[in-house]
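Below you'll find the structure, written out as structure tokens, and then a few comments.
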Amino acid sequence: MGKKDHLTIDKEVVQVIGRELLDWYYRNRRDLPWRKNQDPYKIWVSEIMLQQTRVDTVIPYFQRFIEQFPTLDDLAQAPEEQVIKAWEGLGYYSRVKNLHAAVKEVSAKYGSQVPDDLETISKLKGVGPYTAGAILSIAFNKKAPAVDGNVMRVFSRLFALTDDIALASTRKKMEHIALQVIPNNVPGDFNQALMELGALICTPSSPQCLFCPLRSVCNAYAEGIEEELPRKKKAKPPKQMKMVMLWLSQGQRALIEKRPDEGLLAGMWGLPTIQVAEEESMQEAHLFCDKNGLNVTNIKVAGKFEHIFSHQHWKVTVIQGEVSEWASPLPSSWSWMTADQVNEKPFSNVYRKALQLFI
DNA sequence: TAATCGTGGAT
DNA sequence: TATCCAAGATT
């Protein structure tokens, strides 16, 4: 068992970082809604929402979510569809399902008290290494690393590290560095200060080094390579996919489909959707309807649009038709919906785009 | 390790 | 327009 040699940070540098960064943070931190108090539940919600999501996007969702579910038990007791609805449009919907499940577990097993130790909190659904450290440090003042993309970018530049930040092993290395740098008295503030610096000064492109409180100890700045760091492997372009969404109406109602519990947009509602070989394929649309026992007339293209997920690029054709007769029962995931019900059920944005054509 | 999982803003 | 990527977790 060879012991990995980790980077050791000079003690005087640690002193400078702690002093200068905290001083900067206390003068420049943003007034964000989840910084009003240290309620572990609210910190938790904010950290889940902020995963891969911009602060400006999260703020209104956070406000509404906390207004709707002020306490952990309010959330634990709420029906799942209502909780998902509150997340509608935020994306990465497994986050909210995991959060809901984890909150129910905390309510049932831990007396509604968010665990304050790494072992227990890390077992909660949706709580990974970053989120665990963030909650422990921010809500409970515990010394724990909270290494997100900001922190990896700041450390990469500060210590001129060329590790690929897309690798999981790099995050562990960064956590080891964080533990050396985080002060014992204000770990939560310090972790937030690192992220705040990454968000406001040490930005991915055009970092504002002249305004950086850590400029005097930054290796990348000294070497003039701040724009070259961090190093990160390029992502694959999204897979091109041709899709058909169906608006199958009968009088004042239309068929909607609840998506499977796993995979893309799990648990969200949508229109019946198929992947097709050819764009605007009426033939494949007809075949799909036949297969599900539907007799459809007046079928035609209602509209087209594109939607890009992180890993899929959909070219969507929306095809509408009128259902004249159908074999019962309909597929169990299908349901008739009237126009006034559109805003009651959670639809992801890609389906909102399609629904706009009709409502 | 690499793929999966949303959306929208910035460059 | 294309690409990146934003307080990541899960498998």
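Note that the coordinates shown come from a computational prediction; the quantities given were computed from them, not determined experimentally.
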*Whichever of A:R35 and A:N98 has its nearest DNA chain C nucleotide further upstream toward 5'*: A:R35
_Full working for ring pair (Phe, Tyr, Trp, His ring centres under 6.0 Å) between A:F159 and A:F155_ = CA-CA 6 Å; A:F159 307 114; A:F155 282 176; 5.7 Å; yes
*Nearest listed nucleotide, side chain of A:Y93, among C:dA7, B:dG9, B:dT7*: B:dT7
*Would you classify A:V58 as touching base, sugar-phosphate or nothing, given that sugar-phosphate means primed atoms plus P, OP1 and OP2, and contacts are heavy atoms under 4.0 Å?*
nothing
_Using whole Å, what does the distance between atom C1' of nucleotide C:dA7 and atom CE of A:M152 come to?_
11 Å
*So what does A:W34 touch, heavy atoms closer than 4.0 Å: a base, only the sugar-phosphate, or nothing?*
base
*Rounded to whole angstrom units, what separation is found between the NZ atom of A:K97 and the P atom of C:dT10?*
14 Å
*A:H307 has an atom NE2; how far is it from atom C1' of B:dG6, in whole Å?*
6 Å
*Compare side-chain N and O positions of A:N349 against OP1 and OP2 of B:dG6 and report whether any pair is under 4.0 Å apart.*
no
*asked:* Just by distance, no angles: are the side chains of A:Q51 and A:T131 close enough, under 3.5 Å, to form a donor-acceptor pair?
replied: yes
*Can a donor-acceptor pair be found between the side chains of A:T273 and A:Y351 at a distance below 3.5 Å?*
yes
*Can you tell me how far C1' in C:dA7 sits from the matching atom in B:dA3, rounded to whole Å?*
22 Å
_Would you say A:Q312 places a side-chain N or O within less than 4.0 Å of OP1 or OP2 belonging to B:dC5?_
yes
_By nearest atom, which of the nucleotides B:dT7, C:dA9, B:dA3 is closest to the A:S310 side chain?_
B:dT7
*Kindly say whether A:L75 contributes a backbone atom to a donor-acceptor pair with the side chain of A:H100 at under 3.5 angstrom?*
yes
_Heavy atoms only, 4.0 Å cut-off, all strands: where does A:L32 land among base, sugar-phosphate and nothing?_
base
*Kindly say whether, by distance alone, the side chain of A:T53 makes a donor-acceptor pair under 3.5 Å with the base of B:dG6?*
yes
*Does OP1 or OP2 of C:dA7 have a side-chain N or O of A:Q51 closer than 4.0 Å?*
no
*Could you check how far CE of A:M49 sits from P of B:dG6, rounded to whole Å?*
15 Å
*Touch check for A:L265, heavy atoms < 4.0 angstrom, all strands: base, sugar-phosphate only, or nothing?*
sugar-phosphate
_Sugar-phosphate, base or nothing in reach of A:G198, heavy atoms under 4.0 Å_ = nothing
*Which part of the nucleic acid, if any, lies within contact of A:R29, taking any heavy atom under 4.0 Å across all strands shown: a base, the sugar-phosphate backbone alone, or nothing?*
nothing
*For C:dC5, does either OP1 or OP2 sit under 4.0 Å from a side-chain N or O belonging to A:R153?*
no
*Answer yes if the side chains of A:T338 and A:D340 hold a donor-acceptor pair under 3.5 Å, and no otherwise.*
yes
*asked:* Can you work out whether A:G91 or A:D56 has the more 5'-proximal nearest nucleotide on DNA chain B?
replied: A:G91
*Are OP1 or OP2 of C:dA9 and a side-chain N or O of A:T131 less than 4.0 angstrom apart?*
yes
*Integer-rounded Å distance: B:dC5 P and A:Y92 OH*: 10 Å
*asked:* Between A:K234 and A:V147, which residue's closest nucleotide on DNA chain C lies nearer the 5′ terminus?
replied: A:K234
*Which part of the nucleic acid does A:P129 contact within heavy-atom distance under 4.0 Å: base, sugar-phosphate only, or nothing?*
sugar-phosphate
*Please determine, for the side chain of A:Y130, which listed nucleotide (B:dG8, B:dT7, C:dG8) has the closest atom?*
C:dG8
_Strictly below 4.0 Å: does A:K233 bring a side-chain N or O up to OP1 or OP2 of B:dA2?_
yes
*Separation of atom CE in A:M268 from atom P in B:dT7, rounded to whole Å*: 7 Å
*Do we see a donor-acceptor contact under 3.5 Å between the side chains of A:E81 and A:W269?*
yes
*Within the distance-only criterion (no hydrogens, no angle test), does the side chain of A:R64 pair as donor or acceptor with the backbone N or O of A:A86 below 3.5 angstrom?*
no
*Expressed in angstrom and rounded to an integer, what is the separation of A:R95 atom CZ from C:dA9 atom P?*
11 Å
*Using heavy atoms to find the nearest nucleotide of DNA chain B for A:S348 and A:S206 separately, return the residue whose nucleotide is more 5′.*
A:S348
*asked:* What's the gap between B:dG8 and C:dA9 when it is taken at their P atoms, as a whole Å value?
replied: 23 Å
_Tell me the interatomic distance from A:H311, atom NE2, to C:dT10, atom C1', rounded to whole angstroms._
13 Å
